[in-house]
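Worksheet for the structure shown next.
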Protein chains: 2
Amino acid sequence: MVMKVEKISELTIDRLSVYLRCLDFLTNNGVKQISSQELAAQLNLNSAQIRKDLAQFGEFGVRGVGYSVGKLRDCLKHILGIDRLHKIGIIGAGNLGMAIAEYEGFFGTNYSVVALFDSDIEKINKTTKRGIPILDVKDLAEEIKKSSIDIIVLGVPASVAQSVLDQVVAIGIKAVLNFAPMQFYVPEGVKLKTVDLTVSFDSLSHSLVANEHEIG
Amino acid sequence: MVMKVEKISELTIDRLSVYLRCLDFLTNNGVKQISSQELAAQLNLNSAQIRKDLAQFGEFGVRGVGYSVGKLRDCLKHILGIDRLHKIGIIGAGNLGMAIAEYEGFFGTNYSVVALFDSDIEKINKTTKRGIPILDVKDLAEEIKKSSIDIIVLGVPASVAQSVLDQVVAIGIKAVLNFAPMQFYVPEGVKLKTVDLTVSFDSLSHSLVANEHEIG
DNA sequence: AATTGTGAATTCCTTCACAGCC
DNA sequence: GGCTGTGAAGGAATTCACAATT
């Protein structure tokens with residue numbers, strides 16, 4: 001019953017995911033051993049960063065040798081909690097919801113989209129091309145329990161996003177991926193990750209004019 | 001001909017976009033004046049942060065009073081380069097490309113999706129529901145010039161993403177939004193922003209198991 | 001000899017706290 | 001009095017550089 005007191009930053013966690021993907025790639029190419037140096041070169045970052053990130057969870061390497069690709073991969077999967085299967089439910093069977101449901105490659109063996117939810121009578125009880133059912137959002141609570149959904153994707157318009165989020169939280173969901181470009185209230189213990197495409201585009205726009213402005 | 005020497009961080013730029021959205025909202029609600037304090041409260045952040053972010057670009061406020069919502073909004077639009085219209089081209093007319101092309105609300109008056117590109121003969125020369133044309137990716141260079149496309153969205157599988165990116169860069173595009181979960185080589189002067197959903201899901205997964213691990 | 005794991009140094013980002021101004 | 005703009009302080013993240021280890 002030991003507590004890890006050090007708080008691990010989001011930046012570290014996100015990099016672990018990137019390391020893991022790289023290790024998957026190396027595994028497929030038959031690479032068995034790798035140094036932080038080589039891994040860093042592939043990912044365009046500093047080798048000390050990789051070692052520091054890993055050090056927060058234990059000692060996975062061998063001095064003078066490096067890391068076993070397979071072993072490190074298993075460790076990262078465990079740390080990230082993808083040594084088990086997560087069940088994803090998507091609310092909003094519009095283009096965005098469909099895109100995520102169907103997008104190949106996102107969900108190897110770690111994630112499975114089990115259902116979409118919508119209130120549009122035209123969509124309910126149909127399925128996606130891959131056969132994922134589209135259900136009535138009224139049955140959300142029931143279905144979350146029945147199918148053990150543990151991650152919800154919010155693909156609904158900003159205008160209703162907070163109220164849908166509140167529902168989902170009330171049901172007991174602890175992890176939500178949101179695409180609505182807005183501010184939310186989320187209670188303690190619930191993780192909300194927002195993918196804000198507006199911000200991404202604005203950032204690109206800025207980069208396009210940044211030079212002009214500087215030589216203004 | 002004065003150069004701004006201070007480099008402005010991505011974090012600052014991303015926040016400016018968030019401030020702008022909030023100001024848009026305030027404008028719609030008839031609010032004319034706001035203090036950094038009030039703005040910070042709405043966005044769950046520190047008022048000094050807002051003032052510091054803005055200070056990097058000039059003095060937009062009035063001491064003792066606050067900021068004019070309309071004026072600050074215009075200034076932010078100019079800084080972010082969205083006081084002009086950007087033309088977006090989407091490569092890959094799959095679910096993801098379609099979702100972005102059709103997604104309401106992303107593209108107010110600042111962005112316009114002018115075309116999608118694909119190599120699938122079944123899709124070429126059709127249009128999206130909203131009437132955006134799907135063109136042959138072979139005509140990419142020509143169309144980018146003809147339509148003054150300045151932002152490209154990569155909605156293609158990871159396996160071909162680097163080669164498509166190379167093409168796009170060769171044509172002279174300087175801003176790319178990418179959804180393929182992978183590492184890229186990008187030359188100096190080209191801004192590549194990656195939205196990596198794998199990382200987002202892994203981060204959610206981690207949050208679900210983090211507690212268990214800590215009380216291991 | 002090579003590479004990890006890590007304290008120290010550095011760089012970057014955020015927050016404090018207050019002078020300056022309306 | 002109230003709020004901005006900002007130097008100084010504090011905190012976080014990254015990188016350096018080297019002792020420890022195989």
Side-chain angles (χ1 to χ4, degrees), chain A residues 4-19 22-23 26 31-76 79 199 203 206 210, chain B residues 4-19 22-23 26 31-76 79 183 199 203 206:
Chain A
K4 280 226 202 75
V5 190
E6 351 127 28
K7 219 196 79 215
I8 286 143
S9 93
E10 188 91 30
L11 294 168
T12 295
I13 295 299
D14 286 1
R15 278 192 301 265
L16 293 188
S17 175
V18 173
Y19 303 161
C22 193
L23 292 171
L26 291 167
V31 180
K32 301 280 186 225
Q33 203 76 20
I34 194 156
S35 69
S36 60
Q37 197 60 242
E38 295 169 292
L39 197 56
Q42 299 223 15
L43 299 171
N44 277 318
L45 38 86
N46 184 290
S47 68
Q49 173 120 84
I50 295 177
R51 296 197 300 276
K52 268 266 157 72
D53 283 341
L54 297 177
Q56 299 191 53
F57 299 93
E59 306 204 353
F60 305 108
V62 180
R63 290 171 195 226
V65 180
Y67 301 87
S68 149
V69 172
K71 198 183 130 210
L72 185 56
R73 192 161 151 267
D74 290 346
C75 290
L76 290 182
I79 292 165
V199 170
S203 165
H206 169 77
Chain B
K4 279 224 201 77
V5 191
E6 351 128 27
K7 219 197 79 216
I8 287 141
S9 94
E10 187 92 29
L11 294 168
T12 295
I13 297 298
D14 286 2
R15 278 192 301 266
L16 293 187
S17 176
V18 173
Y19 302 160
C22 193
L23 292 170
L26 291 167
V31 180
K32 302 279 187 228
Q33 204 76 20
I34 194 157
S35 69
S36 60
Q37 197 61 243
E38 295 169 293
L39 198 54
Q42 300 223 16
L43 301 170
N44 277 318
L45 38 84
N46 185 291
S47 68
Q49 173 119 83
I50 295 178
R51 296 197 300 276
K52 267 266 156 73
D53 283 340
L54 297 177
Q56 300 191 52
F57 298 92
E59 307 204 353
F60 305 109
V62 181
R63 291 170 195 226
V65 179
Y67 301 88
S68 149
V69 171
K71 197 183 132 212
L72 185 55
R73 191 161 151 266
D74 291 346
C75 291
L76 290 183
I79 292 165
Q183 228 38 46
V199 170
S203 164
H206 169 78

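The sequence lines fix the lettering, A, B, ..., with proteins before strands; numbering per chain opens at 1.
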Ignoring backbone atoms, establish whether A:Tyr67 has a side-chain N or O less than 4.0 Å from OP1 or OP2 of C:dA2.
no
Expressed in angstrom and rounded to an integer, what is the separation of A:Ile34 atom CD1 from C:dT3 atom P?
11 Å
List the protein contact pattern of nucleotides 7-15 of chain C with one symbol per nucleotide (5' to 3'): B for base contact, S for sugar-phosphate-only contact, - for none; contact means a heavy-atom distance under 4.0 Å.
BB----SSB
So which atom in A:Asp14 and which in B:Ser203 form the shortest heavy-atom distance, rounded to 0.1 Å?
OD1-CB, 3.7 Å
Rounding to an integer number of Å, can you tell me how far A:Arg51 CZ sits from C:dT3 P?
11 Å
Step-by-step side chain to side chain contact (heavy atoms under 4.5 Å, CB included) determination, A:Leu39 to A:Leu45:
CA-CA 9 Å; A:Leu39 197 56; A:Leu45 38 86; over 6 Å; no
Going by distance alone, is a donor N or O of one side chain under 3.5 Å from an acceptor N or O of the other, for A:Gln33 and A:Ser68?
no
If only atom types and distance count, is the side chain of A:Gln49 paired as donor or acceptor with the main-chain N or O of A:Asn46 below 3.5 Å?
no
Taken to the nearest whole Å, CD/B:Gln37 to C1'/C:dA17 is 13 Å
Between B:Glu38 (side chain only) and B:Ser35 (backbone N and O only), is there a donor and an acceptor less than 3.5 Å apart?
yes
If the helix axis at each end comes from five base pairs, how far does the helix from C:dA1-D:dT22 to C:dC22-D:dG1 deviate from straight, to 10°?
0°
Between B:Glu59 (CD) and C:dG20 (C1'), how many Å, whole number?
11 Å
Calculate, to the nearest 0.5 Å, the distance between atoms CD1 and CD1 belonging to B:Ile34 and B:Ile50 respectively.
8.0 Å
Value for OH (B:Tyr19) from SG (B:Cys75), rounded to nearest 0.5 Å, stands at 15.0 Å
Is A:Ser36 touching bases, backbone alone, or none of the nucleic acid, heavy atoms closer than 4.0 Å?
sugar-phosphate
Quick one: which of B:Lys7, B:Lys52, B:Gln56 gives a side chain to side chain contact (heavy atoms under 4.5 Å, CB included) with B:Thr12?
B:Gln56
Which sits closer to the 5' end of DNA chain C, A:Gly64 or B:Val65, going by the nucleotide each is nearest to?
A:Gly64
What is the distance from atom CG of B:Leu72 to atom OG of B:Ser36, rounded to the nearest 0.5 Å?
10.5 Å
Rounding to a whole Å, what distance do you find between A:Phe60:CZ and C:dT3:C1'?
17 Å
What range of DNA chain D does chain A touch, first nucleotide to last, counting atoms under 4.0 Å from its heavy atoms?
D:dA13 to D:dT22
Is a donor on one side and an acceptor on the other found under 3.5 Å between the side chain of B:His206 and the backbone of A:Ile13?
no
Nearest 0.5 Å please: distance from the CZ atom of A:Phe60 over to the CG atom of A:Leu54.
6.5 Å
